[in-house]
2 protein chains.
Amino acid sequence: MSDSDARIQRFAEFLARSGLKTTRQRDRIVRAFFAAGRHVSAEELYHRLQTEDRGIGLVTVYRTLKLLREAGLATGRQFGDTYTRFDPNPADRPHDHLICTRCGKIQEFEDASLHAVREKAARSLGFTVTEHKLELYGFCRECTRLAGGRPVRSGKAARPV
Amino acid sequence: MSDSDARIQRFAEFLARSGLKTTRQRDRIVRAFFAAGRHVSAEELYHRLQTEDRGIGLVTVYRTLKLLREAGLATGRQFGDTYTRFDPNPADRPHDHLICTRCGKIQEFEDASLHAVREKAARSLGFTVTEHKLELYGFCRECTRLAGGRPVRSGKAARPV
DNA sequence: TCCTCATTGAAAATGAATGTCAATTTCTTT
DNA sequence: AAAGAAATTGACATTCATTTTCAATGAGGA
């Protein structure tokens with residue numbers, strides 16, 4: 001059973017447990033989502049789906065992504081642009097991000113020592129931490145070279161708001 | 001000169017440098033912003049200002065907050081609700097956040113070792129990091145006790161999207 | 001199969017944030 | 001101090017992502 005299949009199964013279980021139904025649309029959206037990689041928006045997913053099934057509305061894509069979040073199978077992220085991007089859970093790959101504010105590139109990374117930071121903060125303040133988001137904003141290698149590290153207002157690239 | 005005054009001065013310099021003008025509205029908005037503490041939304045700031053000056057429009061609050069960001073004096077954050085909250089810069093107080101997904105409480109913390117994480121990621125990937133955002137989502141002390149760490153759908157509290 | 005209730009898509013609604021524009025204000029230049 | 005060019009303002013309209021509404025359809029247990 002592929003990685004993706006396992007998650008699709010978990011989603012089916014979530015639906016059953018919640019008294020919800022399995023439909024052609026949900027099935028296709030969920031498959032497309034797990035096949036899509038990372039940082040997809042609802043709109044992007046919707047467009048990909050149009051090639052295989054014209055009868056899937058953008059609204060249903062939004063609804064299904066919301067269910068995926070409730071099932072704990074997806075996380076939404078906002079990187080400084082106006083829309084939400086979605087990532088599959090669980091974090092089988094690094095989940096922290098470097099965002100270039102000049103060209104908009106998003107690079108993933110992971111640092112094990114972050115868990116120490118997380119635990120320490122949680123313990124000292126009595127929190128139970130279930131999830132974290134770390135974003136580093138700045139310039140990627142190319143943009144550091146091109147711009148000498150100085151900001152360029154492009155209007156396109158994500159901003160750290 | 002108070003902390004706040006120094007920033008107000010820096011904003012005035014920014015305006016002059018950019019060929020922009022000082023106005024009663026901008027002045028009041030900026031003062032109110034630095035007096036407001038943290039995590040204020042444009043709307044909240046607007047409401048506070050109504051008590052002292054009815055002639056300040058919400059639109060101008062938005063515009064001035066945008067200028068403050070461009071001046072490097074404010075940062076916008078999205079904690080899983082639909083609007084943007086603003087924090088003053090520079091980070092003279094901790095800038096990382098624990099967000100309770102049950103009651104919506106936001107608690108600040110700081111961990112010096114995060115800088116090591118930041119530098120390490122930046123160095124290994126060639127990034128020049130200028131800013132970071134770290135958010136830990138989970139349950140605060142009270143909610144951990146009350147809910148036994150289990151999620152409660154309140155519809156009000158921030159969600160990790 | 002029947003029957004109930006969830007689901008769907010289209011259109012309308014929402015809500016935060018931004019653009020438009022005529023009237024006003026700032027600030028530099030006489 | 002007065003004038004004039006240019007920026008600023010607020011009310012209104014607009015945009016854009018996302019959500020709600022609603023009538024028609026579909027799923028799936030009895």
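All values reported here derive from a predicted model rather than from experimental measurement. A, B, ... follow the sequence lines: proteins, then strands. Residue 1 opens every chain.
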When the distance from OH of A/Tyr83 to C1' of C/dA17 is rounded to whole Å, what number comes out?
17 Å

Can you tell me if A/Thr84 touches the phosphate of D/dA17, counting only side-chain N or O atoms and a distance under 4.0 Å to OP1 or OP2?
no

Side-chain heavy atoms under 4.5 angstrom apart, residues restricted to Ile, Leu, Val, Met, Phe, Trp, Tyr: same cluster for B/Leu20 and B/Leu73?
yes

Ignoring hydrogens and angles, state whether a donor on the side chain of A/Thr75 or A/Asn89 is under 3.5 Å from an acceptor on the partner side chain.
yes

For atom CZ of A/Arg85 and atom C1' of D/dT18, their distance in whole Å:
17 Å

By nearest-nucleotide position on DNA chain C, the 5'-leaning member of A/Arg26 and B/Tyr62 is A/Arg26

Once you round it to whole Å, what is the distance between P of D/dA11 and CZ of B/Arg63?
11 Å

Base, sugar-phosphate, or nothing for B/Leu58, non-hydrogen atoms under 4.0 angstrom?
nothing

Contact class for B/Ser41 vs. all strands (heavy atom < 4.0 Å): base, sugar-phosphate, or nothing?
nothing

Reading DNA chain C from 5' onward, which residue's closest nucleotide shows up sooner: A/Tyr46 or B/Ala42?
A/Tyr46

Please report the distance, rounded to the nearest Å, between CZ in B/Arg28 and P in D/dT8.
18 Å

OP1 or OP2 of C/dT8 sitting under 4.0 Å from any side-chain N/O of A/Thr23?
yes

Interatomic distance, A/Gln25 CD vs D/dA27 C1' [rounded to whole Å]:
11 Å

Nearest whole angstrom, please: distance from the C1' of C/dA17 to the CG of B/Leu45.
15 Å

Calculate the interatomic distance between A/Leu20 atom CG and D/dG26 atom P; express it in whole Å.
19 Å

Electrostatic pair B/Arg77:B/Glu135 at N-O distance under 4.0 angstrom
no

Would a distance-only check, ignoring hydrogens and angles, find a side-chain to backbone donor-acceptor pair under 3.5 Å from A/Thr128 to B/Gly138?
no

Using whole Å, report how far CD1 of A/Ile56 lies from C1' of D/dT25.
16 Å

Can you see if the side chain of B/Thr22 gets near the phosphate of C/dT26 - specifically, an N or O under 4.0 Å from OP1 or OP2?
no

Is there, by distance only and without an angle test, a donor paired with an acceptor across the side chain of B/Lys21 and the base of D/dA6 below 3.5 Å?
yes

For B/Thr130 and A/Tyr137, indicate whether the former's side chain and the latter's backbone hold a donor-acceptor pair under 3.5 Å.
yes

